[in-house]
Chemist: 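Structure in structure tokens, see below.
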Amino acid sequence: MSRAVVFGGAYAIAFFSFLFGPLIIMVITAFNSSKFPRIVPWDCFTTGWFAELFGNQRLMEGLLNSVIIGVGVVALAVPIGLAGALALSELPSKLRAMLYTVLILPILIPGVVLGISTIVLWGQISRGLGGAVQAGMYNGYFLTIVGQITFVSAYAMLVFIARLQRFDATQTEAALDLGATPGQAFRKILLPFMAPAIGSAAFITLLASFENYNTTVFTVLSESTFTTALASKVRHGTDPSLSALAVIIITITLVGALTNEAVQRRKEAELGGKASRSPLYANPLTRALTHPGVVFAILVAIVATVSYVGSKHDSSVCEAAILQDKLDRQAELRAAQKAKIEAQEVEQGITVPKPEGGFGGAFGGLGGAAPVAPAAPKPEGGFGGAFGGIAPPAPSE
Amino acid sequence: MPETSPVSSPDRSVLLDHVSIRFGNFTAVDNANLKINSGEFFSFLGPSGCGKTTLLRCISGFSEPTEGRVLIGAKDMKGVGPNKRPTALIFQHLALFPLMSVADNIAFPLEVRGVGKKMRRKRAEDLLDMIALPGIGDKKVSELSGGQKQRVAIARALAVEPDILLLDEPLSALDLKLRQHMRTELRAIQQQVGVTFIYITHDQGEALTMSDRVAVMSKGVIEQVGAPDQIYNRPRSSFVASFVGENNALKGIVKVQSEDMAALETPMGTFEARVGGGRKYKPGDEALLFVRPEQLVPGKAENAFQATLSRQEFEGATNHVFARAGDTDLRISMVNGGLAGSVGSTGDTMSLGFAPMNATILPVGQIASEA
Ligand SMILES: Nc1ncnc2c1ncn2[C@@H]1O[C@H](COP(=O)(O)OP(=O)(O)OP(=O)(O)O)[C@@H](O)[C@H]1O
Ligand SMILES: [Mg+2]
């Protein structure tokens with residue numbers, strides 16, 4: 001039995017390190033001042049990478065573009081998805097199956113294809129219309145919104161279909177019977193029922209729009225979104241400012257998840273009748289404290305405080321020290337090298353005449369394990385340090 | 001019904017004028033032709049799938065008849081939508097709005113008609129008083145018991161004072177005790193508001209106890225319309241005779257008919273009985289004789305015959321006796337006569353008889369299977 005426990009424990013640890021290990025490492029590297037994202041060796045604790053991230057013009061412009069495009073996509077894809085789901089639910093079952101496949105197709109088509117076809121189609125249309133319309137249409141914002149909607153609205157539709165399947169159609173009939181117009185029945189009965197699904201559809205479509213690359217990289221033309229900007233940055237090599245970005249994203253996710261959990265727990269307690277019995281809900285203070293709004297506010301306050309304190313952190317002294325330390329070590333190394341070479345010269349002093357010392361140094365540098373720079377022979381002093389092994393022994397003549 | 005109705009009582013009658021409803025080739029309602037009077041408590045009684053809901057949805061405007069007309073208050077309802085008809089429907093599963101409070105549910109019909117918030121609140125409270133549930137307006141629907149939901153649904157349907165209240169088996173989800181209680185309550189509410197109630201049920205007890213008149217349906221056809229005692233005592237078809245209440249059916253051949261009495265020859269003997277449904281038989285026609293368990297009396301001289309006692313079920317006030325005569329199983333209900341009232345034990349031969357007026361001869365037809 002104890003063996004099973006050990007194995008189980010080991011497996012659990014392995015599993016969770018596999019899941020969360022990369023995230024944890026990435027979070028730590030965001031606070032190391034080293035130019036390359038790493039934990040060991042640890043240089044200095046710094047918050048400078050966040051500043052570096054926010055200072056990145058291209059990323060920040062992309063972020064703004066992503067927000068603009070995301071809002072546009074949500075505003076259009078959610079109603080389109082809702083309309084599609086409602087239309088499907090009204091159709092006879094044979095037609096429904098067919099239309100369902102058609103509406104789902106954009107999800108299955110590769111994003112690259114959607115992106116290119118969006119440019120081609122709208123390019124044609126806008127050229128046909130010409131003038132100011134062409135300028136308004138054939139730009140990165142419009143094309144990206146249109147291109148993303150083709151498949152993002154299908155996601156929204158799936159969310160709505162799932163919710164609609166749980167809707168009791170007699171509710172609408174009851175509303176009509178009690179004198180509501182079809183419009184009133186929709187607004188007062190169906191829409192409130194769909195409200196949670198509208199929330200999740202908006203969230204999912206926003207995420208899908210934000211993180212999309214395959215389609216966007218074509219449709220965005222000369223602009224860039226956060227995701228495309230990030231991708232081109234990564235192509236030129238990573239630095240810890242990306243880790244800082246990861247920290248921000250993880251923080252947002254955690255705040256969202258915890259708030260959501262608070263909402264769910266409260267709802268469950270209220271529905272299950274637990275709320276009336278729980279001492280947590282009896283006390284007005286704890287009841288207020290566990291309210292999702294308060295939980296959210298507390299979390300935001302914590303994040304804001306940490307961010308503020310972090311932004312005041314100055315690691316320049318430590319970094320200067322590290323830099324000094326590095327220079328010192330370099331100088332030390334150089335000195336050690338010099339000493340070594342001198343020792344060699346003394347040893348070989350009889351065979352090698354003194355004036356050709358430069359040559360000897362160059363050869364010695366090639367033969368030995370020492371780096372290029374410190375191989376300079378004694379007489380050349382600073383010069384030798386600068387030109388190293390490649391310098392010809394000209395001045396010695 | 002001459003209830004204490006409002007001063008100028010509106011015409012709250014419903015006329016089904018040769019109404020047929022078909023789904024493709026399938027006829028769900030076949031030529032329904034009857035008038036439901038203003039202020040009446042009228043029930044449609046029939047087994048599952050006989051077309052009751054279909055007919056009700058047609059009256060409330062969710063579907064149009066394939067043939068015939070529906071008139072409410074003498075007005076043809078063709079093309080009038082459910083939200084424009086003076087009817088309110090209480091659904092089989094009530095269809096209360098779970099996202100609204102009880103008061104908002106009840107005031108919904110007022111809200112969609114643009115009545116102000118204060119007025120709505122007031123009316124909701126009045127209605128809650130009427131259904132004897134004051135002060136629950138702020139509760140959620142999910143916090144109510146089955147019977148409370150029931151009454152809230154009725155209050156909601158009555159909020160704008162419809163002329164016709166349609167109820168689709170509203171009590172079927174409740175347990176027996178509550179069902180019996182709600183029967184009386186429904187009847188009381190109906191008499192209080194004077195609205196025409198059209199009530200649907202497959203429970204004959206419900207239909208008989210509450211209704212002014214009952215229509216018995218089978219397979220889309222309205223077999224008989226009449227007051228509960230008429231339906232019970234004067235069935236016009238073998239379906240009605242076998243569906244409403246317990247009945248014994250004896251098969252035989254008509255020997256002679258004179259006016260509304262006839263003699264039927266059965267394997268157990270020749271019996272005289274009333275002819276049901278004003279029909280004419282020729283001697284030699286096959287027919288069924290229906291006699292209720294409580295009409296079979298031990299030792300009665302009229303229509304006497306011998307039977308063998310096979311089993312008894314004692315149920316306090318009544319004693320259900322099962323006997324066999326020839327190849328027919330009979331059911332006899334006897335009032336408990338105390339210690340002296342014993343009928344004997346299994347295997348005993350007993351003599352039974354019944355009054356000719358209390359038995360009905362009907363043509364051979366559909367027999368409702370035991371539910
Ligand atoms: N929309 C429809 N399309 C086809 N057939 C239908 C439709 N609605 C009802 N039917 C059929 O009409 C018949 C009567 O149905 P209805 O719902 O009126 O029965 P009911 O008497 O209310 O039964 P229950 O007591 O079980 O509710 C059934 O056989 C049913 O299958
Ligand atoms: Mg029904």
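Quick note on labels: first sequence line is chain A, next is B, and so on, each numbered from 1.
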Chemist: With a 6.0 Å cut-off on ring centres, are B/Tyr199 and B/Phe44 close enough?
Modeler: no

Chemist: Verify, without hydrogens or angle tests, whether B/Arg113 (side chain) and B/Phe108 (backbone) share a donor-acceptor contact under 3.5 angstrom.
Modeler: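 Flag not set: sc B/Arg113 to bb B/Phe108 has no pair under 3.5 Å.
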
Chemist: Any donor-acceptor pair under 3.5 Å linking the side-chain atoms of B/Ser13 with those of B/Asn37?
Modeler: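 Distance-only check fails for B/Asn37 and B/Ser13.
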
Chemist: Please classify the contact between A/Gln184 and chain B as side chain, backbone, both or neither, with a heavy-atom cut-off of under 4.5 Å.
Modeler: side chain

Chemist: Please determine if B/Asp212 and B/Arg187 form a salt bridge, counting it only when a charged side-chain N lies under 4.0 Å from a carboxylate O.
Modeler: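 Counted as a salt bridge, because a side-chain N and a carboxylate O are separated by less than 4.0 Å.
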
Chemist: Please classify the contact between B/Arg57 and chain A as side chain, backbone, both or neither, with a heavy-atom cut-off of under 4.5 Å.
Modeler: side chain

Chemist: Could you tell me which portion of B/Leu99 (side chain, backbone, both or neither) has an atom closer than 4.5 angstrom to a non-hydrogen atom of chain A?
Modeler: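 The side chain, not the backbone.
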
Chemist: Quick check on B/Leu166 against chain A: is it the side chain, the backbone, both or neither that has a heavy atom closer than 4.5 Å?
Modeler: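 Neither; nothing under 4.5 Å.
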
Chemist: Checking the side chain of A/Thr205 only, and the main-chain atoms of A/Val74 only, is there a donor and an acceptor separated by less than 3.5 Å?
Modeler: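 Absent.
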
Chemist: In terms of heavy-atom proximity below 4.5 Å to chain A, should B/Phe97 be classed as side chain, backbone, both, or neither?
Modeler: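 Both parts, heavy atoms under 4.5 Å.
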
Chemist: Please classify the contact between A/Asp177 and chain B as side chain, backbone, both or neither, with a heavy-atom cut-off of under 4.5 Å.
Modeler: both

Chemist: Is B/Arg85 salt-bridged to B/Glu64, cutoff N-O under 4.0 Å?
Modeler: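 Salt bridge between B/Arg85 and B/Glu64, a charged N being under 4.0 Å from a carboxylate O: yes.
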
Chemist: Which answer fits A/Ala175, side chain, backbone, both or neither, if we ask what part of it has an atom under 4.5 Å from a heavy atom of chain B?
Modeler: both

